[in-house]
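Working notes, structure below.
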Amino acid sequence: MLDPKLIRNEPEQVAKRLALRGYQLDINTLNNLEEQRKMLQVETENLQAERNKSSKSIGQAKAKGEDIQPLLDAVADLGGKLDDAKGQLDKVQDQMNDLLAGIPNIPDESVPAGKSEDDNVEISRWGNPRKFDFDVRDHVDLGEALNGMDFETGAKITGSRFVVMRDQIARMHRALIQYMLNTHIDEHGYREIYTPYIVNRDSLRGTGQLPKFEEDLFRLDVEQGYYLIPTAEVPVTNTLRDEIYDGELPLKYVCHTPCFRSEAGSYGRDVRGMIRQHQFEKVELVQFVKPEESDDALEALSGHAQNILQSLELPYRKVILCGGDIGFSAAKTYDLEVWLPSQNTYREISSCSNFRDFQARRMKARYRNSEGKPELLHTLNGSGLAVGRTLLSIIENYQQEDGSIEVPEALRPYMGGLEAITGS
RNA sequence: GGUGAGGUGGCCGAGCGGCUGAAGGCGCUCCCCUGCUAAGGGAGUAUACCCUUAUCCGGUAUCGAGGGUUCGAAUCCCUCCCUCACCGCCA
């Protein structure tokens with residue numbers, strides 16, 4: 001959520017910046033509601049003040065044993081007027097909140113203009129895509145040939161976009177999780193955290209998935225209104241919801257969870273293989289920082305994700321998302337895209353964002369600043385990395401002519417010293 | 001799932017229809033005293049919003065959440081959520 005005061009004071013500025021991401025701010029409606037709200041709030045509060053005052057005098061009169069009937073008569077119609085004003089105020093406030101909750105974050109100055117992912121701007125590249133002297137195969141062919149990936153059984157058990165993995169492929173998948181966790185904990189200074197995989201509506205509202213993006217989520221058919229998490233961002237960031245945090249900052253968490261996405265609206269996209277599944281593993285980095293430190297923190301956080309790619313020797317590039325492609329809650333996002341030989345292109349493997357105080361305001365996540373006053377934190381997160389996509393990119397980039405997969409050096413200690421996956 | 005006890009400020013804890021935004025304690029901040037340390041004395045110490053040139057003053061709301069009763073609710077009633085204890089079931 002944006003700061004209502006900012007919208008009130010500089011609506012033109014805000015509208016201009018939001019236009020960069022293709023969002024049109026309805027200033028007229030906003031002003032109208034704001035004016036009504038102000039009027040109704042003053043009226044309501046005046047009536048409440050009146051009621052409080054007369055109630056108090058009734059109490060005092062009664063204590064002295066005076067006749068209170070005249071006083072009671074005097075306030076007889078107050079209740080009705082108050083209910084009226086309150087009802088109207090609630091209605092206006094609800095409308096206002098709905099509108100505010102639907103406004104996306106303001107893009108940072110550095111975010112380039114653009115409509116779609118085609119307008120994202122490349123910032124850097126690392127590593128050189130390998131030259132193959134044989135026909136490259138994609139991870140589906142390779143994985144199935146090694147009896148490590150089984151999409152048919154996944155479809156039988158559940159449906160499309162689910163996979164079963166076995167043996168050394170499954171082990172490499174698990175090794176990646178351990179490797180990423182350990183690296184972020186031991187070398188990048190993150191604290192490990194384990195959270196629920198099922199969350200309530202308040203949590204999803206806090207990080208911005210609700211109310212606008214319900215269709216991307218798996219909702220459980222229970223009366224509590226629970227959802228499967230689409231990313232660890234939701235439970236981890238919400239650990240500080242409704243808190244005034246008084247520990248050390250920055251607070252950096254790394255968390256491995258499965259992620260569940262309904263992928264509604266992505267029919268026909270990436271239907272083959274493990275690129276886009278309903279269930280996938282991710283190691284997520286989440287940071288809570290002081291406002292003045294969030295810009296630097298985004299550079300550091302994306303660097304931590306890049307370290308994983310580099311140590312696995314996977315070629316990648318870093319892009320900054322343009323206004324049209326950036327997520328609802330983010331002020332600035334870097335995507336890391338790994339090289340996929342079978343597609344002859346770079347594909348997203350990590351997304352690192354600075355949300356500034358947008359999520360914190362929704363969540364009321366605060367800390368005490370140097371003056372001891374509660375102030376909104378800044379939140380950031382990024383994949384470090386998406387495990388399924390890392391696995392498939394290793395399979396493709398490390399494939400050998402005979403269909404075996406070389407195991408990256410960094411992973412060998414996690415796989416009992418294994419140097420290649422041969423499928424036998 | 002059953003039974004019982006609870007959910008009050010940064011923390012502990014009193015209040016059980018009006019003078020309670022909330023006693024008392026702890027913690028924290030400032031001041032005083034004390035030749036170190038320890039101890040002692042005093043003052044202050046919630047959040048959000050509205051009004052306002054103003055972090056002055058004033059107003060409103062908030063005692064788990066939402067409803068209700070009442071002129072008036074932290075206090076009474078209803079529903080829900082959560083915590084703890086015991087029982088049952090169970091990875």
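Each chain gets a letter, A, B and so on, in the order its sequence line appears, and its residues count up from 1.
Rounded to the nearest 0.5 Å, atoms CD (A:Gln306) and OG (A:Ser350) are 8.5 Å apart.
The distance between the ring centers of A:Phe328 and A:Phe213 falls below 6.0 angstrom. Ring centers of A:Phe260 and A:Tyr197: at least 6.0 Å apart, outside the cut-off.
The distance from atom CD1 of A:Ile244 to atom P of B:C28 is 18 Å, rounded to the nearest whole Å. B:C81 atom C1' lies 9 Å from atom OH of A:Tyr226, rounded to whole Å. Between the C1' atom of B:C49 and the CZ atom of A:Arg361 lies a distance of 14 Å, rounded to the nearest Å. Taking atom CG of A:Leu40 as the reference point, atom C1' of B:U60 lies 15 Å away to the nearest angstrom. Distance, A:Glu50 CD to B:G72 P: 13 Å, rounded to whole Å.
When each of A:Ser311, A:Pro413, A:Pro408 is tested with A:Tyr179 by the rule side chain to side chain contact (heavy atoms under 4.5 Å, CB included), just one qualifies, namely A:Ser311.
Nucleic acid contact class of A:Asn52 (heavy atoms, under 4.0 Å, all strands): sugar-phosphate only.
The pair A:Arg362-A:Asp202 fails the salt-bridge criterion, with no side-chain N (NZ, NE, NH1 or NH2) lying under 4.0 Å from an Asp/Glu carboxylate O. Look at A:Glu34 and A:Arg37 and you find a salt bridge, because one of the NZ, NE, NH1 or NH2 atoms lies within 4.0 Å of a carboxylate O, short of that distance.
Looking at A:Thr29 and A:Asn32, their side chains never bring a donor and an acceptor atom within 3.5 Å of each other. Side chain to side chain, A:Tyr253 and A:Glu284 fail the donor-acceptor criterion of an N or O pair below 3.5 Å.
A donor-acceptor contact under 3.5 angstrom links the side-chain atoms of A:Lys62 to the base of B:G18.
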**OP:** Could you summarise the pairing of RNA chain B as dot-bracket text, marking Watson-Crick and G-U pairs under 3.5 Å with ( ) or [ ] inside the strand and | across strands?
**Re:** ((((((((.[[[..)..(.....]]]((((((.......))))))(((((.......))))).[[[[[..)....]]]]])))))))....
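Taking a 6.0 Å sphere around CD of A:Gln24, one finds it holds 12 or fewer heavy atoms contributed by other residues, nucleotides or ligands.
The same atom, P, is picked in B:A73 and in B:U20; the two are 16 Å apart, to the nearest Å. Remark: the separation of the C1' atoms in B:U29 and B:A22 is 22 Å, to the nearest Å. Atom C1' of B:A46 sits at a distance of 31 Å from the matching atom of B:A39, rounded to the whole Å.
Side-chain nitrogen and oxygen atoms of A:Arg368 include none within less than 4.0 Å of the OP1 or OP2 phosphate oxygen of B:A46.
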Polar-atom pairs under 3.5 Å, protein N or O versus N or O of nucleotides 50-52 of chain B: list them with distances, or write none.
from, atom 1, to, atom 2, distance (Å)
B:C50, OP1, A:Arg8, NH1, 3.1
B:C50, O4', A:Gln41, NE2, 3.2

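Listed candidates were B:U47, B:C82, B:A61. Nearest to the side chain of A:Arg366 is B:U47.
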